[in-house]
Number of protein chains: 2
Amino acid sequence: MSLIFSRQCEYALQAVTFLALKKDGELTSIKELAGKLRIPHHFLAKILQRLSRKGLLTSLRGPTGGFGLAMPAKEMTLFHIIEAVDGVDFTQQCVMGFPECSGKNPCAVHDKWAGLREGIYAMLVSRNIGQMAGEMKKKEYQ
Amino acid sequence: MSLIFSRQCEYALQAVTFLALKKDGELTSIKELAGKLRIPHHFLAKILQRLSRKGLLTSLRGPTGGFGLAMPAKEMTLFHIIEAVDGVDFTQQCVMGFPECSGKNPCAVHDKWAGLREGIYAMLVSRNIGQMAGEMKKKEYQ
DNA sequence: TTAATTTAAGACTAATAAGTCTGATATTAT
DNA sequence: ATAATATCAGACTTATTAGTCTTAAATTAA
């Protein structure tokens with residue numbers, strides 16, 4: 001299997017995008033999120049709690065409780081989420097896994113990959129959750 | 001964790017590159033490969049057998065036996081190896097994992113990612129094992 | 001022919017990611 | 001106060017990937 005981000009990370013992005021569609025300050029329960037996004041309830045809970053501890057979400061217990069964005073959606077980049085959930089090791093290692101590969105001793109795709117990776121990074125820091133949510137709204141996902 | 005290719009796939013690329021450094025038609029044992037590349041012997045065996053079944057390597061049993069490339073190194077692309085080991089699902093799915101995301105109904109990074117993915121694909125089909133091996137030789141890896 | 005060496009094959013274990021379950025704690029409304 | 005509802009926390013199970021072990025079959029050389 002080839003992939004870039006973990007399933008946890010994908011779920012995180014989807015959940016946060018969903019939250020960005022809500023009114024400012026409004027809280028959404030795990031139950032609603034899990035139901036709408038078809039994500040296992042308790043699994044999603046762990047992910048949201050993690051984002052909460054990282055300061056990306058706010059949470060409140062009890063009835064009327066739930067989760068909400070801890071900052072304006074336009075300020076929360078994809079990179080924020082990915083960094084919090086998966087970490088950013090992919091910006092370091094050799095794609096081909098050659099142990100000796102480095103800037104001083106590059107493999108044959110080292111420089112090419114560095115360029116592509118830079119492109120991925122640029123995408124992740126330039127796109128924000130607000131844009132993701134905007135596209136959702138436009139296409140009438142919900 | 002963020003990654004692109006599985007460890008099996010990385011090992012495969014390294015092993016095939018090593019084989020490309022050998023004289024044409026020369027066979028190399030798993031023992032030598034595993035030792036030089038620091039890959040678990042039996043794990044590597046599975047990988048090489050798979051590449052063999054896929055027609056990318058030739059193999060021979062017994063003393064003086066081993067594995068060799070089934071085609072000229074210049075004709076074997078990175079994509080050949082990756083396709084054989086990991087498959088090429090990454091060329092299909094939405095990076096963010098949005099289930100509804102498609103060409104008709106793109107997420108906010110759909111088109112941007114399509115471009116980056118195309119760049120990755122282009123790299124994989126344009127670079128061959130001969131080039132990887134050439135870089136190895138030049139930098140005196142062995 | 002026999003012993004040594006190597007790939008072939010598949011069952012087995014270990015590590016990690018994904019997902020489930022249970023109980024505690026906080027908050028709200030009755 | 002009490003019941004209902006929600007997050008919080010952690011142990012637990014399942015699925016997948018990584019890695020190990022054992023035996024068989026093929027090939028070579030003495």
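Remember, predicted model here, so these are calculated numbers, not experimental data. The figures here come from the full heavy-atom set of this structure, side chains too, leaving out hydrogens, waters and symmetry mates.
Going from atom CG of B:L44 over to atom P of D:dC21 covers 16 Å, rounded to whole Å. Here the P atom of nucleotide D:dT20 and the CD atom of B:Q8 are 13 Å apart, to the nearest Å. As rounded to whole Å, 12 Å separates atom C1' of D:dC8 from atom NE2 of A:H41. If you measure from atom CD1 of A:I47 to atom C1' of D:dC8, you get 15 Å, rounded to the nearest angstrom. Distance B:R61 CZ to C:dA9 P: 7 Å, rounded to the nearest Å. The NE2 atom of B:H42 sits 9 Å away from the P atom of D:dT22 (whole-angstrom rounding). Going from atom CZ of B:F67 over to atom C1' of C:dT5 covers 14 Å, rounded to whole Å. Rounded to whole angstrom, the span from the CZ atom of A:R50 across to the P atom of C:dA18 amounts to 11 Å.
A salt bridge between A:K22 and A:E32 is present, with a side-chain N of the basic residue lying under 4.0 Å from a carboxylate O of the acidic one.
Under the 3.5 Å distance criterion, with hydrogens and angles disregarded, no donor-acceptor pair is assigned to the side chains of B:N128 and B:T77.
Heavy-atom nearest nucleotides on DNA chain C were determined for A:K46 and for A:G62, and the one closer to the 5' end corresponds to A:K46.
When atom types are taken as modelled, the side chain of B:E10 and the backbone of B:R7 share no donor-acceptor pair closer than 3.5 angstrom. Judged by distance alone, with hydrogens and angles left aside, the side-chain atoms of B:Q131 form no donor-acceptor pair with the main-chain N or O of B:K74 at under 3.5 Å.
Among the atoms of the strands shown, only primed sugar atoms or phosphate atoms (P, OP1, OP2) are found under 4.0 Å from some heavy atom of A:L60. Note on B:I30: only backbone sugar-phosphate atoms sit closer than 4.0 angstrom, heavy atoms only; bases stay farther off.
The shortest distance between the side-chain N/O atoms of B:R53 and the OP1/OP2 oxygens of C:dA9 is below 4.0 Å. The side chain of A:R7 places an N or O atom within less than 4.0 Å of a non-bridging phosphate oxygen (OP1 or OP2) of C:dG19. Dashed line: the shortest gap from a side-chain N or O of B:T64 to OP1 or OP2 of C:dT6 is not under 4.0 Å. Taking only side-chain nitrogens and oxygens, A:K31 comes nearer than 4.0 Å to OP1 or OP2 of D:dA6. In terms of phosphate contacts, A:Y11 brings a side-chain nitrogen or oxygen within less than 4.0 Å of OP1 or OP2 of C:dG19. Listed pair B:S59 / C:dA8 meets the phosphate criterion, a side-chain N or O lying under 4.0 Å from OP1 or OP2.
Comparing atom distances between the A:Q49 side chain and each of D:dT7, C:dT7, D:dT27 picks out D:dT7 as nearest.
Side-chain contact between A:F5 and A:V85 is absent, with no heavy atoms from C-beta onward closer than 4.5 Å.
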